[in-house]
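Heads up, the thing below is written out as structure tokens.
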Amino acid sequence: MRLSRYFLPILRETPKEAEIVSHRLMLRAGLIRQEAAGIYAWLPLGLGVLNKINAIIREEQIRAGAIEVLMPTIQPADLWRESGRYDAYGKEMLRIVDRHDREMLYGPTNEEMITEIVRAYVRSYKDLPLNLFHIQWKFRDEVRPRFGVMRSREFLMKDAYSFDLSAEAGRHSYNKMFVAYLRTFARMGLTAIPMAAESGPIGGNLSHEFIILAETGESEVFCHKDFLRFEPPPANIDFDDAAALEAIVGEWTGLYAATSEMHDEKAYGAVPEASRVAARGIEVGHIFYFGTKYSEPMRAVVSGPDGKEIVLSMGSYGIGPSRLAAAIIEAGHDENGIIWPEQVAPFHVGIADLKAGDPATGKLCAELEQQFENAGLDVLLDDRDERPGAKFATLDLIGLPWQVVVGPKGLAEGKVEVKQRRGGAREQLSPQDAVSHIVAAVKAARG
RNA sequence: CGGGGUAUAGCGCAGCCCGGUAGCGCGGAAGUUUUGGGUACUUCAGGUCGCAGGUUCGAAUCCUGCUGCCCCGACCA
């Protein structure tokens, strides 16, 4: 992609409404634009990140056996009357009336709808277990949206819903998602720690929040230091091996970890002092097992082997991709801008043509661009007629993991400068070495 | 929803107290200059001063009402 033909509205100054670093950088780097309180448009660079996050989530959901669907944003109120949540939900639910005076709502979540779908088609125990997920925009009319897309009213959400014949099978489904989440966040370059959680308005009795540590996190968290060294489960894990999954979950829940709401001073005190971590965290995922909370009132049942009716056991599993984009920035930035991990970077490499219009630098830049693209990397070529300083500042701000600087000085010696955004290390390499070096590094990071 | 702010050019702000018809920096356009870490200078374009009403010869400025947005708290993926 040529920057001269792209849409990258970067801001030199920080809009005053942005308090936390991810919000500031998302506005400055041209990722998002606020359209109303807690409602954002995603600009090309931001959408690029969001799509990469979604792709990782989708891959890991499918790996764990979940199947993708897409449910609407607008739902009929009657569905929510069945579960009793229409009156229970309160003002956070955006209620709307259509031209026929039918009561509708902009969905804050989809348990009722997925239960309606499953009960309509699934009649036999042979059709289970089933886990359906979707990635869709949701709306919660927060009293006070803030921190940009970290706590917005409209937000993108991956939600998976599991259906099982028994609580025990439901537990296995829960564990599948638990393990999938460990892999998902690790692949985004994040260390997410599962913490015991309140199940809130969704209901249920088994629940974990996945929290990443960040100074600007919204909640106070306490955990054992060893979590920061845990390795995520491998890609070839057998999701049908219930015992193996239970062992992994056991390992990841064996050490103390809790948010302030669930904090137990006594249990935390039992952790050796040198291993205690008290920090702030951002919730990026939340999983629940809630049994028959919705299937019972909504009559989601199947016939068992003996012909008797079985009420389905359910769980739901959320990840907020839009919030994750901000969380990843909170976890990776410096004074100059964003530092994207390779796996979610909107472009893997940025090429700066320091003398746009010069035939020699232009030719080499075009060749480099082509070679990176041939290797499957996403490339942004800054071919604008700008001063070198402006190009360096732009590349640092938007945080692409690798920068290749092509200028007349280096070219005279047959070299280009390769800079790694994280850490800032720079070296002079031949164009060929630059390509192979970066391609190898990106492939290694992608795993 | 309680408390506190704020609204003037794309962004950041001054002007308001003491009413006289709008300004600065950045950004944008044109040009000169510069050429490896947001260069310097010149010129230009761009604003129903959030909206509605009122006071006044005259309102960005004073008064009333409304709305948007932000911050603190409570709440929350």
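Letters go in sequence order (proteins before strands), and every chain restarts at 1. Both backbone and side-chain heavy atoms feed into the values below; hydrogens, waters and symmetry mates do not.
- Applying ring-ring contact (aromatic ring centres under 6.0 Å, His included) to A/Phe347 and the options A/Trp340, A/Tyr6, A/Trp402, A/Phe372 leaves one that passes, A/Tyr6.
- For the pair A/Arg146 CZ and B/G5 C1', the interatomic distance rounds to 16 Å; values are reported in whole Å.
- Counting only distance, with no hydrogens or angles, the side chain of A/Gln75 and the backbone of A/Thr109 share a donor-acceptor pair below 3.5 Å.
- In the set B/C72, B/U6, B/U39, B/U39 carries the atom at the smallest distance from any side-chain atom of A/Arg387.
- In this structure B/C1 sits in a base pair with B/G73, meeting the Watson-Crick or G-U test at under 3.5 Å.
- A/Leu27 places its CG atom 22 Å from the P atom of B/C26, with the value rounded to the nearest Å.
- The nucleotide whose nearest atom lies closest to any side-chain atom of A/Arg144 is, among B/G37, B/A77, B/C72, B/C72.
- What you find for A/Ala325 and A/Met26 is that their closest heavy atoms are CB-CE, 4.2 Å.
- Contact check of residues 30-41 of chain A against RNA chain B (heavy atom, cut-off under 4.0 Å) returns A/Gln34, A/Ala36, A/Ala37.
- For B/A29, the paired base is B/U43 (Watson-Crick or G-U wobble, both distances below 3.5 Å).
- Nearest-nucleotide assignment on RNA chain B puts the 5′-proximal partner with A/Leu411, out of A/Ala18 and A/Leu411.
- Between A/Tyr40 and A/His23, the ring planes lie perpendicular to each other; the angle is over 60°, past the 30° to 60° tilted range.
- With P as the reference atom, B/C18 and B/C62 are 9 Å apart, rounded to whole Å.
- Panel note: side chain A/Ser430, backbone A/Lys415; no donor-acceptor pair is recorded below 3.5 Å.
- Here the rule is ring-ring contact (aromatic ring centres under 6.0 Å, His included) with A/Phe178, and of A/His208, A/His172, A/His286 only A/His208 fits it.
- Nearest heavy atom pair, residue A/Lys225 against residue A/Val277, reads CA-CG2, 3.7 Å.
- Counting non-hydrogen atoms of other residues, nucleotides and ligands closer than 6.0 Å to NZ of A/Lys355 gives a total of 12 or fewer.
- Stacking between A/Phe155 and B/A77 is shown: the ring centroid lies under 5.5 Å from the centre of the six-membered base ring, and the planes differ by under 30°.
- Separating the P atom of B/G15 from that of B/G50 is a span of 15 Å, rounded to the nearest Å.
- In this structure, the side chain of A/Glu330 engages the main chain of A/Ser22 through a donor-acceptor pair within 3.5 Å.
- With hydrogens and angles left out, the side chain of A/Arg140 and the base of B/C76 share no donor-acceptor pair within 3.5 Å.
- Nucleotides B/G46 and B/G27 are separated by 12 Å at their C1' atoms, to the nearest Å.
- The P atoms of B/U56 and B/U61 are separated by 16 Å, rounded to the nearest whole Å.
- Between A/Asp353 and A/Lys391 no salt bridge is recorded (no basic side-chain N to carboxylate O distance below 4.0 Å).
- If you take atom P in B/U43 and the same atom in B/G10, they sit 23 Å apart, rounded to whole Å.
- When each of A/Glu92 and A/Ile10 is assigned the nucleotide of RNA chain B bearing its nearest heavy atom, the one mapping closer to the 5' terminus is A/Ile10.
- Listed by residue number, A/Lys419, A/Arg426 are the residues of residues 419-427 of chain A with a heavy-atom contact under 4.0 Å to RNA chain B.
- If you take CZ of A/Phe392 and C1' of B/U35, they are 11 Å apart, rounded to a whole angstrom.
- The CD atom of A/Glu261 sits 12 Å away from the P atom of B/A74 (whole-angstrom rounding).
- Under 4.0 Å is where a charged nitrogen must lie from a carboxylate oxygen, and between A/Arg85 and A/Glu111 at least one such pair does.
- For A/Arg151 and B/C72, the CZ to P distance is 11 Å, given to the nearest whole Å.
- Among the nucleotides B/A77, B/A74, B/C70, the one closest to any side-chain atom of A/Glu142 is B/A77.
- The separation between A/Arg24 atom CZ and B/C71 atom P is 12 Å, rounded to whole Å.
- Nucleic acid contact class of A/Ser322 (heavy atoms, under 4.0 Å, all strands): none.
- Rounded to an integer number of Å, the gap from NZ of A/Lys391 to P of B/U35 is 16 Å.
- Between the side chains of A/Tyr256 and A/His263, a donor-acceptor pair is found at a separation under 3.5 Å.
- Checking B/G36, B/G73, B/C11 against every side-chain atom of A/Lys409, the shortest atom distance belongs to B/G36.
- For B/C1, the OP1/OP2 oxygens have a side-chain nitrogen or oxygen of A/Lys91 closer than 4.0 Å.
- Within the shown strands, nothing qualifies as a pairing partner of B/C16 under the Watson-Crick or G-U definition with both distances less than 3.5 Å.
- Between the side chain of A/Arg140 and the main chain of A/Pro108, a donor-acceptor pair closer than 3.5 Å is present.
- Within a heavy-atom distance below 4.0 Å of RNA chain B, the residues of residues 347-366 of chain A found are A/Leu354.
- Across all strands, A/Gly407 comes closer than 4.0 Å to base atoms (heavy-atom distances).
- Residue A/Val405 is classed as a base contact, given a heavy-atom separation below 4.0 Å to a base.
- Considering A/Leu8, A/Leu47, A/Asp378, A/Leu400 in turn, A/Leu400 is the only one that fulfils the side-chain contact (heavy atoms from CB on, under 4.5 Å) rule with A/Pro346.
- The cationic group of A/Arg323 does not satisfy the cation-pi geometry with A/Phe155, failing either the under 6.0 Å distance to the six-membered ring centre or the 45° limit from the ring axis.
- Residue-level contact check: A/Arg28 touches the bases, meaning some heavy atom is under 4.0 Å from a base atom.
- Comparing B/C13 with B/C49, their C1' atoms are spaced 14 Å from each other, to the whole Å.
- One C1' atom belongs to B/C69, the other to B/A29, and the distance between them is 31 Å to the nearest Å.
- Put simply, CD on A/Glu386 is 15 Å from P on B/G36, counting in whole angstrom units.
- Nucleotide B/C51 is matched to B/G65 when pairs are restricted to Watson-Crick or G-U wobble geometry with both distances under 3.5 angstrom.
- Here A/Gly410 lies in heavy-atom contact (under 4.0 Å) with a base.
- For the C1' atoms, the distance from B/G20 to B/A60 is 13 Å, rounded to whole Å.
- Donor-acceptor pairing under 3.5 Å, judged by distance alone, is absent between the side chain of A/Glu13 and the base of B/G27.
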